[in-house]
Amino acid sequence: MNIAYVRVSTVDQNIDRQTEALKPYHIDKWFIEKVSGKDTNRPKLKEMLNFVRDGDILYVVDWSRLSRSVVDLLKIIELLSKTGCQLISLKEQFNTKTPTGKLMLNLIAAINQFERENLLLRQKEGIALAKEQGRYNGRKPKQFNQQYLNEVLQAVRNKSITVVKASELLGVSRAT
């Protein structure tokens, strides 16, 4: 199925330029929305990502219609790839099923991984420096009403509630 995702940032903007550019591709299903692309919390984007299937082709006029963020764009492309949906961006002449498109995708992913690893390294260095200067004490421990904590722990021991339920009641992870 040929699918199109069309987005403009505001209600006042016109989608005609995008729909005209996509007409030659015989689109079977259109997902159109007029919201900002600053994040992925967009109803039609979510609907489209849930709709696409293996063998579908998603057309966009350019990457910025899917996302303004490279990180979000990569996540969207990865979701599409997992479903087997091909992505074609007209402006960038990008197709995830061609060797060049796959190469570009791998280069973008490698750059993203490099950036992520650098960010974690800088974070680790910053924490080490803050510790040296006595300004870092880690995350503050959760405070519990001792009686409530004891009641929840006793309920787990008695098997009247699960560990998962106890972690929900206390607002901590299951591992904690």
Side-chain angles (χ1 to χ4, degrees), residues 1-11 13-127 139 162-168 171-176:
M1 183 176 260
N2 289 343
I3 300 166
Y5 179 76
V6 174
R7 184 190 63 77
V8 290
S9 298
T10 67
V11 178
Q13 290 178 319
N14 194 317
I15 61 168
D16 292 347
R17 181 186 64 83
Q18 292 179 62
T19 55
E20 281 300 314
L22 293 166
K23 272 187 183 173
Y25 300 95
H26 308 289
I27 303 302
D28 301 305
K29 178 90 172 149
W30 294 83
F31 291 90
I32 299 172
E33 61 189 340
K34 295 185 173 192
V35 296
S36 172
K38 67 179 167 59
D39 60 35
T40 57
N41 190 20
R42 292 176 266 148
K44 289 295 181 181
L45 175 66
K46 288 179 181 180
E47 185 182 333
M48 180 271 299
L49 290 172
N50 288 326
F51 180 83
V52 295
R53 299 175 309 272
D54 186 26
D56 287 345
I57 303 173
L58 174 65
Y59 291 90
V60 293
V61 171
D62 64 68
W63 283 344
S64 69
R65 300 304 87 207
L66 281 175
S67 177
R68 292 282 187 193
S69 154
V70 173
V71 173
D72 288 343
L73 178 64
L74 285 172
K75 287 177 186 173
I76 291 168
I77 292 172
E78 185 177 336
L79 284 170
L80 293 170
S81 179
K82 283 181 182 177
T83 62
C85 178
Q86 179 179 352
L87 170 64
I88 295 179
S89 174
L90 305 183
K91 180 180 176 186
E92 289 85 10
Q93 298 180 354
F94 178 83
N95 181 340
T96 57
K97 295 292 184 191
T98 65
T100 304
K102 288 176 184 176
L103 173 66
M104 290 296 297
L105 188 57
N106 284 320
L107 288 172
I108 293 167
I111 291 167
N112 189 47
Q113 180 180 347
F114 173 74
E115 282 298 314
R116 176 76 180 136
E117 289 173 4
N118 274 336
L119 177 124
L120 293 173
L121 181 63
R122 289 189 304 268
Q123 183 181 36
K124 200 180 282 187
E125 290 169 350
I127 289 171
R139 185 174 56 185
T162 65
V163 172
V164 172
K165 183 65 178 173
S167 65
E168 288 173 10
V172 296
S173 71
R174 184 183 179 283
T176 301

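No experiment lies behind these values; they were computed from the predicted model shown.
In terms of heavy-atom proximity, T96 sits nearest to I77 at CG2-CG2, 4.3 Å. R42 and S36 make their closest contact through CD-O, 3.3 Å (heavy atoms, listed as atom of the first residue, atom of the second, distance). Closest of all the heavy-atom pairs between N2 and Y25 is ND2-O, 2.8 Å.
Every residue meeting the salt bridge (Lys or Arg N to Asp or Glu O under 4.0 Å) condition with K23, not counting sequence neighbours, appears here in chain and number order: E20. By the side-chain hydrogen bond (donor to acceptor under 3.5 Å, both in side chains) test, Q18 is found to be paired with no residue, residues two or more places apart in sequence or in another chain being considered. Listed by chain and number, the residues in a salt bridge (Lys or Arg N to Asp or Glu O under 4.0 Å) with D62 are R65 (sequence neighbours excluded). Remark: Y5 engages no residue in a ring pair (Phe, Tyr, Trp, His ring centres under 6.0 Å) (not counting sequence neighbours).
Here the NZ atom belonging to K97 is positioned 10.5 Å from the CG atom belonging to L87, to the nearest 0.5 angstrom. In this structure, the separation between CD1 on I32 and CD1 on I15 is 4.0 Å, given to the nearest 0.5 Å. Within the model, atoms CG of L80 and CD of Q86 stand 11.0 Å from one another, a figure rounded to the nearest 0.5 Å. Remark: L66 CG to L45 CG distance equals 7.0 Å, nearest 0.5 Å. Rounded to the nearest 0.5 Å, atoms CD1 (I88) and CG (N95) are 4.0 Å apart.
Counting heavy atoms from C-beta outward, L22 and W30 have side chains that approach closer than 4.5 Å. When side chains are defined from C-beta on, L49 does not count as touching T40, because their heavy atoms never get closer than 4.5 Å. Side-chain contact between V61 and R17: present, with at least one pair of heavy atoms (C-beta onward) separated by less than 4.5 Å.
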Under 3.5 Å, side-chain donor or acceptor atoms of residues 51-60 against the rest of the protein: list the pairs with distances, not counting sequence neighbours.
residue: D56; atom: OD1; partner: M1; partner atom: N; Å: 3.2
residue: D56; atom: OD2; partner: R53; partner atom: N; Å: 2.7

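Using a distance-only test at 3.5 Å, with no hydrogens or angles considered, a donor-acceptor pair links the side chain of E33 to the main chain of K44.
Note on residues 74-93: pairs passing salt bridge (charged side-chain N to carboxylate O under 4.0 Å, His left out), not counting sequence neighbours, are E78-K82.
With a 6.0 Å radius and a threshold of 12 heavy atoms from other residues, nucleotides or ligands, E47 has its CD atom above the threshold.
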